[in-house]
J.: 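Sharing a structure below in C-alpha cells format, with a few things to ask.
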Amino acid sequence: MTVARTICLGFLTVILAGTILLMMPFSTSNGTWNDPIVALFTSTSAVCVTGLAVVDTGTGFSFWGQLFIVMLVQIGGLGYMTTTTFLILLIGKRFDLRQKLAIQQALDRPGMSGSTQIIRSIIATTLIFEITGIFLLLPAFVKDFGWDQGLWLSIFHSINSFNNAGFSLFKDNLIGYQTSILVVFTVTGLIIFGGIGYQVILDMYFWFRDRCLKKPHAIVFSLDFKVATSTTLLLLVVGTIAFLFIEMRNPETFGNFSFPEQLLLAWFQSVTPRTAGFNTVDIGKMTDAGLFITIALMFIGASPGGTGGGIKTTTLRVLTSCTRAILQGKEEVLLYERKIAISLILKAVGVVFGSLATVIGATILISITDPKLEFIQILFEVVSAFGTVGLSTGITAGVSTGAKIILIVTMYIGRVGVLLLMSAILGDPRLSRVHYPEENLLVG
C-alpha cells in the first residue's frame with residue numbers, strides 16, 4: 001500500500017460515500033431515491049472540485065443534498081490527506097513518517113518538515129478566505145432573496161469559489177449577476193487565491209507582515225512564488241484581452257453591453273477557466289475562437305498546491321523555458337536565474353504527455369458513444385472534466401450513460417493527477433544502477 005495508492009483510494013472512498021449520501025431520498029428535492037449514475041457523477045464532480053452537473057443543483061437536490069455537495073467540495077478542495085491529517089490533529093494524535101510522506105506528496109512539497117504547521121495554516125487560510133467571501137456576497141444575495149436563503153447562497157458560492165468548483169444554486173449560474181461588480185470581483189478574487197496555491201498565499205502574508213513590522217530582513221520569495229504569480233498575472237491579462245477582442249461583437253455574449261461591462265465580462269471569463277467553472281455568459285453561444293481559448297486556459301489550469309486542476313502554471317513555464325533555451329542555443333534551462341533540474345523537466349514532460357493522452361482518449365471514446373455531438377463540444381467537455389473546471393456548452397445532462405462514466409473517470413484522473421495515478425497502478429519506481437551509452441537522435 002504505497003503513498004500514491006493511499007491517496008487515490010482515499011479519494012475513491014470519499015466519492016463512494018458521497019454517492020451513497022446523494023442517492024438517499026432526503027438528498028433529492030422530490031423525496032425519492034436518486035439515480036445512481038447522477039449521484040456518482042455529482043459526487044465525483046464535487047470531490048474533484050469540478051462543478052459539472054447532470055441535474056440542476058438548486059432544484060434537483062434538497063437542502064441536505066446541497067449541504068452534502070458543498071461538504072464534498074470542501075474535502076476535495078483541501079485534499080484527502082489534508083482533511084484526514086486535520087482530523088487526526090483534532091483528536092490529539094500524532095502522525096508517523098508514512099503520513100508525513102503522504103502529505104509531502106499530496107501537497108507537492110520539497111520536504112517533510114513542518115507538516116503539522118502547514119496543515120494548520122492551510123485550514124486557517126481556507127476559513128479566512130471563505131468567511132470573507134461569505135460576508136462580501138451577503139449584500140447582493142440578501143437583497144434579492146432575504147436573509148435565510150441569502151446567507152445559504154453566500155456560503156455555498158463562497159466555498160465553491162475558493163475551492164475552484166463551479167456548482168451554483170442558480171439555473172443560469174451567475175449570469176444574473178454578470179454586471180454586478182461586487183459579485184464578480186468577490187468570486188474571481190476567491191478563484192484566483194484558491195487556485196494560486198497555499199504556499200504563495202503564505203509567502204504573501206509573511207511579506208506583508210514583515211513590511212508592516214518594518215523588519216530589516218525582508219522575506220525572499222521562492223521560485224514557486226515568482227513563477228506562479230507571474231504566470232497567473234500573464235494568463236489573466238492575455239485572457240481578458242483575447243476574450244474582449246473576440247467576443248465584443250458577438251451579440252449572444254458581449255455584443256449588447258457597454259465597453260466597461262464587456263471588460264467585466266472578459267475579466268470573469270479569463271478567470272473562470274482557471275478551473276473554477278462559474279460563468280456569466282452562455283458558454284454554448286461563444287464563438288469557436290472563444291471556446292478554443294477557454295479550452296487552452298482550462299488545460300493549463302491553476303498553480304501547484306492550490307485547489308485547481310490542469311497541468312499547472314509551473315509546468316507551462318518549465319516547458320516554455322525549455323523551448324527558449326533551445327532557441328537560444330543553451331544547454332541549461334533557467335528561470336529567474338535558477339537552473340531547473342533535469343528530473344523536473346522530465347516530470348513536466350510526463351505531465352503534459354499523460355494529460356494529452358487522457359484528453360485525446362476520452363474525446364475519442366465520447367465521439368464513439370455520442371456521435372451526434374459536435375467535436376468542439378466533446379473536446380470542451382473533456383478538457384473541462386480533466387482540468388476540474390466545470391464549464392460546459394450545455395451538453396452534460398444530455399450525454400449517454402457511457403459518456404457520463406467516461407467523464408467521471410476523466411474528472412478523477414484530473415484531480416489525483418496523471419503521474420500519481422500511474423504511480424499508484426505501477427507501484428513505486430525502482431532506481432536502476434545500470435547506465436547506458438549516450439547517442440544522438442534526430443528530433444524536430
J.: I'd like to know whether V399 forms a side-chain contact (heavy atoms from CB on, under 4.5 Å) with E381, so could you lay out the CA-CA distance, the side-chain angles of the two residues, the decisive distance to 0.1 Å, and finally the verdict.
T.: CA-CA 10 Å; V399 298; E381 199 82 6; 5.8 Å; no
J.: Kindly say whether G51 contributes a backbone atom to a donor-acceptor pair with the side chain of S45 at under 3.5 angstrom?
T.: yes
J.: Would you say E247's side chain and G255's backbone share a donor-acceptor pair under 3.5 angstrom?
T.: no
J.: Counting neighbours of CD1 on I181 that are heavy atoms of other residues, nucleotides or ligands and sit closer than 6.0 Å, is the number greater than 12?
T.: no
J.: Short question: side chain of N173, backbone of I175 - any donor-acceptor pair under 3.5 Å?
T.: no
J.: Out of L244, V237, V238, which residue meets the side chain to side chain contact (heavy atoms under 4.5 Å, CB included) rule with I241?
T.: V237
J.: Side chain of D203, backbone of F225: donor and acceptor closer than 3.5 Å?
T.: no
J.: Would you tell me whether R317 and T231 have side-chain atoms, one donor and one acceptor, within less than 3.5 Å of each other?
T.: yes
J.: Is there a donor-acceptor contact under 3.5 Å from the side chain of S384 to the main chain of F380?
T.: no
J.: Measure across T272 and V389 and return the closest heavy-atom pair with its distance rounded to 0.1 Å.
T.: O-CG1, 3.9 Å
J.: Taking E261 for its side chain and T179 for its backbone only, find out whether a donor-acceptor pair lies under 3.5 Å.
T.: no
J.: Closest heavy-atom contact between F257 and Q262?
T.: O-NE2, 3.4 Å
J.: Checking Y412 side chain against L12 main chain: does a donor-acceptor pair fall under 3.5 Å?
T.: no
J.: Please round to the nearest 0.5 Å and tell me the distance separating atom CD1 of I246 and atom CG of L291.
T.: 10.0 Å
J.: So W152 and F63, ring pair (Phe, Tyr, Trp, His ring centres under 6.0 Å) or not? Walk me through it.
T.: CA-CA 9 Å; W152 174 237; F63 168 78; 5.0 Å; yes
J.: OH of Y336: more than 12 outside heavy atoms within 6.0 angstrom?
T.: yes
J.: Report the residue from L356, T50, T358 that forms a side chain to side chain contact (heavy atoms under 4.5 Å, CB included) with F386.
T.: T358
J.: Which atom pair, heavy atoms only, marks the closest approach of L151 to V142?
T.: N-CG2, 4.5 Å
J.: Do the ring planes of W64 and F68 sit parallel (below 30°), tilted (30 to 60°) or perpendicular (above 60°)?
T.: tilted
J.: side-chain hydrogen bond (donor to acceptor under 3.5 Å, both in side chains) for S400 and D370? Distances and angles first, verdict last.
T.: CA-CA 7 Å; S400 64; D370 296 64; 2.6 Å; yes
J.: Using 0.5 Å steps for rounding, measure from the CG atom of L169 to the CG atom of D56.
T.: 8.5 Å
J.: We want to know whether D144 and Y177 form a side-chain donor-acceptor pair, criterion being a heavy-atom distance below 3.5 angstrom.
T.: yes
J.: Dump the intermediate steps for side-chain contact (heavy atoms from CB on, under 4.5 Å) on F278 and H157, then the final yes or no.
T.: CA-CA 10 Å; F278 290 109; H157 288 87; 3.9 Å; yes
J.: Evaluate the ring pair (Phe, Tyr, Trp, His ring centres under 6.0 Å) criterion for residues F254 and F243: first the C-alpha distance (whole Å), next the side-chain angles of each, then the deciding distance (0.1 Å), finally the verdict.
T.: CA-CA 9 Å; F254 294 6; F243 282 118; 7.4 Å; no
J.: Donor-acceptor check, side chain of S29 to backbone of T59, threshold 3.5 angstrom: yes or no?
T.: yes
J.: Determine whether E130 and N163 satisfy the following criterion, side-chain hydrogen bond (donor to acceptor under 3.5 Å, both in side chains), listing intermediate values before the conclusion.
T.: CA-CA 9 Å; E130 289 178 354; N163 289 285; 2.9 Å; yes
J.: Will you find, in the side chains of T125 and Y205, an N or O donor that is under 3.5 Å from an N or O acceptor?
T.: no
